[in-house]
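First comes the structure, then the notes that go with it.
When reading the values below, keep in mind they use all heavy atoms of this one structure, side chains included, and skip hydrogens, waters and symmetry mates. No experiment lies behind these values; they were computed from the predicted model shown.
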2 protein chains.
Amino acid sequence: MSTNDPRLAATASSVRGAVDMTHGAGGRAMAELIRDVFQRHLANEFLAQGNDAALLGTVSGRLVMATDAHVISPLFFPGGDIGALAVHGTINDVAMIGARPLWLSASFILEEGFPLAELERIVVSMALAARDAGVPVVTGDTKVVEKGKGDGVFISTTGVGVLADGTDVSGGNARPGDAILVSGTMGDHGVAILSKREHLGFETEIASDSQPLHDLAAAMLAAIPGIRVLRDPTRGGLSAALNEIAQQSKVGMVIREAAVPVKPEVAAACELLGLDPLNVANEGKLIAICAAQDAETLLAAIRAHPKGQDAAIIGQIVADQQALVRMETRLGGMRLIDWIVGEQLPRIC
Amino acid sequence: MSTNDPRLAATASSVRGAVDMTHGAGGRAMAELIRDVFQRHLANEFLAQGNDAALLGTVSGRLVMATDAHVISPLFFPGGDIGALAVHGTINDVAMIGARPLWLSASFILEEGFPLAELERIVVSMALAARDAGVPVVTGDTKVVEKGKGDGVFISTTGVGVLADGTDVSGGNARPGDAILVSGTMGDHGVAILSKREHLGFETEIASDSQPLHDLAAAMLAAIPGIRVLRDPTRGGLSAALNEIAQQSKVGMVIREAAVPVKPEVAAACELLGLDPLNVANEGKLIAICAAQDAETLLAAIRAHPKGQDAAIIGQIVADQQALVRMETRLGGMRLIDWIVGEQLPRIC
């Protein structure tokens, strides 16, 4: 969803003023904030129960749970905002073990003085993202901290989902010979945030890829039920995610640089910023690992989905007790893809 | 659990230094923090899976979900700390609709510069609280914000639980004639925090009542399965919680001041601070509402539990379309118990 989503503009702000300490104090001001902003826009049968816990339905299958704190700066960026991101990020974590996300919770930490109209804009965006994804926010909490003890808005979301019998997707399942795929271009989200933060003013606006991936993951599992690994390369980008999987599975990897899809404008921005697009965060792409003989079928399934048109097979799993991730460069050399060691992109999600 | 819990002291700190931005950057430093602090102390089969989502078990019964952000200041206080509180607070929210809490998630927002040894102390306390309660932390997330953009540590926890068939506990279920009970003394937590914050140095140290209430709630439901309402009077204290319930159920309430248990030292501190103990937060007490004929049986069941020895019947539900909560004072007068309007006790939980 873009920040230009007409549904966002169509929501006339109903609140004025700024967050103050009474909005977190448990009294009448807090009750009004919850009613006028949170319940109003996120409205569903579960929030309407009005208790501190939401009573959901019965579930058949194995439960799955994931949580994410979101501290992204700036709060609004090309292609999204913290509200939509908090929905997408946690839905994706649930989806990356092959589960179907069902419900979300959201806890807000607000800084005194934050404009209520901006908070409402974030909540509306969150509501639209949740509705588009079919995963409602069923319960929440709001706390307020003094000015200078927070940074506008932090949002922690937790997702609960259900895993179908027989599905076994885990970072620990990769085996030598397996193929490594990505669902699209790398680095879009991180570069979008940085361009906004640094006021770089690129000629082409680069938008975040923030989007939910549970529908894509479901389509992929329908095509190849035996997918070994799914992971969304967020903080630390493709490099960190591949290294995590390599360590979990105790295998090595060889990636072909020329096969990794990167948008020309993202590559150019990274060049300018001195960044490697492989280290830059994504919020709407996934890595998939499957048996070599399933790779072409899986690639076709990803490309057939609107969220996977730039998918590619980028490399393979190899036996390696040191769990190293290596990359065959465009020039034919081989280099190590290490985790970033220092701080590269703070508060990217 | 007290901050003097010998199990806390027995955990020699294994980490040195302070949180820096690399601990949230998705690279090696973050992986090491997760391994050396979070996974080490919270260790369980779910965290060991190492994926962004935890695969849990199957559940029979209706699911329940609750979330809470914790921004308490100071982080360590008489009777607890933010780690234990984050476990107790969310367990209690799940328990207050009669459900059995099963699993917790925890997301941490750390401020750059926060001492790692203090973070470890908080995580150890969280681990002990989770173990004591039998509710493991199965998944988590860590983000870092720049110095001056946070306040040490914020923790959001989400709890998932299961509700037995036939149980129907909700703030909307109170009916005229019902009895209102509390499980113990009011105001201990808030006064403990304030005394630490204001360096008041009371003669008697007042400790927070922070504790999980799911076992007490289960014992109460075993005695009286038809309990109408359970609620833990946290922010805003007894006054806010009663007003919330009155509005949800569209009933009035009459409370007897002389019947509300308050420790003499808490009453004295409130007198000094100009506070009404009925507005002060609790973190280990509950309100229960049941049919009048069940009240004595329920009272006996609460008192028979180690966490309910000071329980009392404090008033009754009356028909009132305005949903007012009134109190019969010690002097025989009647006054309105309103919600706090302004800011009374910021960052009390």
Side-chain angles (χ1 to χ4, degrees), chain A residues 21-22 24-28 49-59 61-69 71 93-94 96-97 99 103 105 107-109 138-141 143 145 148-151 154 156 158 160 163 170-172 234-236 240 248 339-347, chain B residues 21-22 24-28 49-59 61-69 71 93-94 96-97 99 103 105 107-109 138-141 143 145 148-151 154 156 158 160 163 170-172 234-236 240 248 339-347:
Chain A
M21 297 304 292
T22 67
R28 195 180 292 273
Q49 293 167 8
N51 294 311
D52 290 336
L55 176 56
L56 309 168
T58 53
V59 166
R62 293 164 293 168
L63 271 192
V64 167
M65 192 174 184
T67 194
D68 264 315
V71 299
D93 278 351
V94 171
M96 291 304 108
I97 62 170
W103 300 294
S105 69
S107 90
F108 291 77
I109 298 174
V138 298
T139 189
D141 186 43
K143 293 290 188 326
V145 296
K149 301 290 187 184
D151 195 16
F154 301 142
S156 288
T158 302
V160 169
L163 188 65
S170 167
T234 57
R235 275 182 289 181
Q248 264 183 280
W339 301 29
I340 54 166
V341 174
E343 163 199 348
Q344 189 178 37
L345 300 173
R347 301 185 57 187
Chain B
M21 296 305 292
T22 67
R28 196 181 290 275
Q49 292 166 8
N51 294 312
D52 289 335
L55 177 57
L56 310 168
T58 53
V59 165
R62 293 165 293 169
L63 270 193
V64 167
M65 192 173 186
T67 194
D68 264 315
V71 300
D93 279 351
V94 171
M96 290 305 108
I97 62 168
W103 300 294
S105 69
S107 90
F108 291 76
I109 298 174
V138 298
T139 189
D141 185 43
K143 293 288 186 330
V145 295
K149 300 291 185 184
D151 195 17
F154 301 141
S156 287
T158 301
V160 168
L163 188 66
S170 167
T234 55
R235 277 182 287 181
Q248 264 183 281
W339 300 27
I340 53 165
V341 174
E343 164 199 348
Q344 189 178 35
L345 300 172
R347 300 184 59 187

Revision key, fill the gap. Assert top hit (heavy-atom pairs under 4.5 Å, partner chain A, pool B:Gly61, B:Gly172, B:Ala99) equals B:Gly61
Practice item. Tell me, out of B:Thr67, B:Asp93, B:Val59, who's got the most heavy-atom pairs with chain A below 4.5 Å. Key: B:Thr67
**Study point:** side chain to side chain donor-acceptor pair (under 3.5 Å) partners for B:Asp141, two or more places apart
**Key:** A:Arg235, B:Lys143
Practice item. Just jot down the side chain to side chain donor-acceptor pair (under 3.5 Å) partners of B:Gln49, sequence neighbours excluded, or say none. Key: none
If every non-hydrogen atom of [X] is compared with every non-hydrogen atom of [Y], which pair is closest and at what distance?
X: A:Phe108; Y: B:Ala69; value: O-CB, 4.3 Å
X: A:Val145; Y: B:Arg347; value: CG1-NE, 3.7 Å
X: A:Met21; Y: B:Pro346; value: CE-CB, 3.5 Å

Exercise for review: Could you tell me which portion of A:Leu163 (side chain, backbone, both or neither) has an atom closer than 4.5 angstrom to a non-hydrogen atom of chain B?
Suggested key: side chain
Point to revise | Portion of A:Leu55 that has a non-hydrogen atom of chain B nearer than 4.5 angstrom | key: both
Review point. At a heavy-atom separation under 4.5 Å, does B:Met96 approach chain A through its side chain, its backbone, both, or neither?
Key: neither
Practice item. Name the region of B:Ile97, side chain, backbone, both or neither, that has any atom closer than 4.5 Å to a heavy atom of chain A. Key: side chain
Practice item. Please report the C-alpha distance between A:Lys149 and B:Val71 in whole Å, then the side-chain angles of each, then the deciding distance to 0.1 Å, and finally whether the side-chain contact (heavy atoms from CB on, under 4.5 Å) criterion is met. Key: CA-CA 10 Å; A:Lys149 301 290 187 184; B:Val71 300; over 6 Å; no
